[in-house]
Amino acid sequence: MLVNLETDLLRTFVAIAEEGGFSAAARRVFRTQSAVSQQMRRLEEALGQQLFEKVGRQRKLNEAGQNLLTYARQIVALNDQAVVTVNSSQQSGEVRIGAPHDIADSILPRFLSTFARSNPRVHVMLTVDRSPNLMPLLEDGRLDMTLTTRHSERFQGRLLRTSPTVWIAAAAFELDRRQPVPLVLADEPSIFRRMALNALDQRGVPHIERYTCPSLSGIHVALNAGLGVTARTPEMLKPDLKVLGEREGLPPLPDVNFYIYRSNVALSQAANALFEQICAG
DNA sequence: CCTTATTGCCGCAGGTTCCA
DNA sequence: TGGAACCTGCGGCAATAAGG
């Protein structure tokens, strides 16, 4: 008697294998640990096979589990591919998305490239501006969604991720601790600018602004020229840059949150798809 | 089929005791 | 004095019970 394996159960199973435990997998599939535990019991019952063995207080895949994992990944991937293909073949239209320079230059490209591959007929219009200018556009529906580092209660959205903030300079840059810290910063309003200045002020570290530029590419140029240090997420790091910290006398920086918010005006199907995709990570 | 609340199990860090 | 053995409390992980 053949059994049908539920994609949902397999998706959770893959999450356990990749996250290294039931609790971490639960967070990934947006269920409770208890639900994951019960799902895996159902999966084992369906197969009539134990899939895990106890290792300390955790459960790891046994041999049968390892065998299943290969197929589970393929089944889940094929399922998702089918869904995307069917949807994208029908989906066309326009998506208007906003992002401040900080984000447009760093985390946005990853989201856009995934979406572009699965939605070749959708026209994406990106507005790069400061958050205070983007929010009114979202308010009156001239933007479908916007990414931002600011929390807002006025729009439906979610926290996409929290990233650490670090001090960054050219790999060859040497900080002279007898001199004020030379800063390479975006102009206001910039969350990284405020973080850097606040942290230095609170620690009482002398500093001067050597260079100001709104775009990340401009910041890059200044860093590479050895003009100073900046505060950014590690995503900005490239081989020609390095992280500075306590050892160089620089104070720790707070984490930065990345949010996405959607317009309260009804979204097109394409815009909805992009929003859901970005939310899903 | 899910959630919350609860339980048992286990790893780990820190403290105490004992002995060479 | 220092190292081994043991104890204890805390917290994380998974299972289970009960309820919607």
Side-chain angles (χ1 to χ4, degrees), chain A residues 1-87 111 114 118 145 151-166 233-235 245-247 251-262 264 266-267 269 271-281:
Chain A
M1 178 66 180
L2 278 174
V3 294
N4 288 311
L5 299 175
E6 288 180 50
T7 318
D8 243 8
L9 304 188
L10 294 175
R11 194 182 297 281
T12 302
F13 177 74
V14 171
I16 291 170
E18 291 178 353
E19 299 291 332
F22 282 39
S23 298
R27 287 189 286 276
R28 172 155 142 192
V29 299
F30 302 107
R31 285 192 179 82
T32 59
Q33 169 267 317
S34 162
V36 167
S37 184
Q38 291 172 68
Q39 282 192 332
M40 289 309 99
R41 190 174 61 197
R42 291 203 301 278
L43 186 59
E44 287 180 327
E45 279 172 8
L47 285 160
Q49 281 274 342
Q50 296 277 318
L51 298 170
F52 302 91
E53 59 194 5
K54 288 207 104 173
V55 178
R57 54 189 171 182
Q58 285 183 299
R59 290 178 74 193
K60 301 284 183 193
L61 299 199
N62 62 14
E63 200 182 331
Q66 288 293 347
N67 286 338
L68 177 63
L69 181 60
T70 312
Y71 293 100
R73 283 200 171 110
Q74 291 180 45
I75 293 167
V76 169
L78 206 54
N79 176 84
D80 294 351
Q81 199 182 327
V83 171
V84 163
T85 304
V86 169
N87 284 337
F111 293 126
T114 310
S118 51
M145 70 200 79
H151 181 66
S152 171
E153 297 286 346
R154 285 164 50 217
F155 301 98
Q156 184 193 337
R158 58 165 287 185
L159 174 65
L160 283 178
R161 74 157 101 166
T162 299
S163 289
T165 312
V166 293
T233 63
E235 281 142 349
E246 291 279 355
R247 216 159 50 89
L253 293 160
D255 291 348
V256 60
N257 293 324
F258 293 107
Y259 300 94
I260 183 164
Y261 296 106
R262 50 171 291 172
N264 294 323
L267 297 192
Q269 210 183 348
N272 242 325
L274 177 58
F275 182 78
E276 295 300 328
Q277 192 166 329
I278 292 179
C279 282

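Chain identifiers are assigned alphabetically (A, B, ...) following the order of the sequence lines, protein sequences preceding nucleic acid strands; residue numbering begins at 1 within each chain. Any value given below was found using the heavy atoms of this structure, including those in side chains, with hydrogens, waters and symmetry copies removed.
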Undergrad: State, to 0.1 Å, how close A:L68 and A:L43 come at their nearest heavy-atom pair, and which atoms those are.
TA: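 It is CD2-CD2, 4.0 Å.
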
Undergrad: Please state whether the rings of A:F52 and A:F13 are parallel, tilted or perpendicular, taking 30° and 60° as the class boundaries.
TA: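 Ring orientation, 0 to 90° scale: perpendicular.
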
Undergrad: Which atom pair, heavy atoms only, marks the closest approach of A:Q39 to A:D8?
TA: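 Nearest pair, atom of A:Q39 first, then A:D8: OE1-O, 4.4 Å.
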
Undergrad: Can you find a donor-acceptor N/O pair under 3.5 angstrom joining the side chain of A:Q33 to the base of C:dA15?
TA: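 Side chain to base: pair present.
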
Undergrad: Quick one: which protein N/O atoms are closer than 3.5 Å to N/O atoms of nucleotides 10-12 of chain B? Pair and distance per line, please.
TA:
none

Undergrad: Looking only at heavy atoms, what is the nearest atom pair of A:E19 and A:A24, with distance?
TA: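 Answer, listing the atom of A:E19 first, then A:A24: CB-CB, 3.6 Å.
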
Undergrad: How close or far is atom C1' of C:dC13 from atom CD of A:E19, stated in whole angstroms?
TA: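 Atom-to-atom, A:E19 to C:dC13, this comes out as 15 Å.
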
Undergrad: What nucleotide, of B:dT3, C:dA14, B:dC1, holds the atom closest to the side chain of A:S34?
TA: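 Within the option list, the nearest is B:dT3.
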
Undergrad: Would you jot down, in residue-number order, the residues of residues 35-46 of chain A having a non-hydrogen atom under 4.0 Å from DNA chain C?
TA: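 Correct list: A:S37, A:R41.
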
Undergrad: Looking only at side chains, do A:T70 and A:Q74 share a donor and an acceptor under 3.5 Å apart?
TA: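 Short answer, no.
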
Undergrad: To the nearest Å, give me how far apart CZ (A:F22) and P (C:dC13) are.
TA: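 The distance from CZ of A:F22 to P of C:dC13 comes to 12 Å, rounded to the nearest Å.
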
Undergrad: Atom CG of A:L159 and atom OH of A:Y259: how far apart are they, to the nearest 0.5 Å?
TA: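 Separation between the atoms: 5.5 Å.
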
Undergrad: Which atom pair, heavy atoms only, marks the closest approach of A:V14 to A:R73?
TA: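 That would be CG2-N, 3.9 Å.
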
Undergrad: Answer yes or no: is there an ion pair linking A:R11 with A:E18, defined by an N-O contact shorter than 4.0 Å?
TA: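 Between A:E18 and A:R11 there is no salt bridge, as every charged N stays at least 4.0 Å from the carboxylate O atoms.
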
Undergrad: Using whole Å, report how far CD1 of A:I16 lies from P of C:dA14.
TA: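 From A:I16 CD1 to C:dA14 P: 8 Å.
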
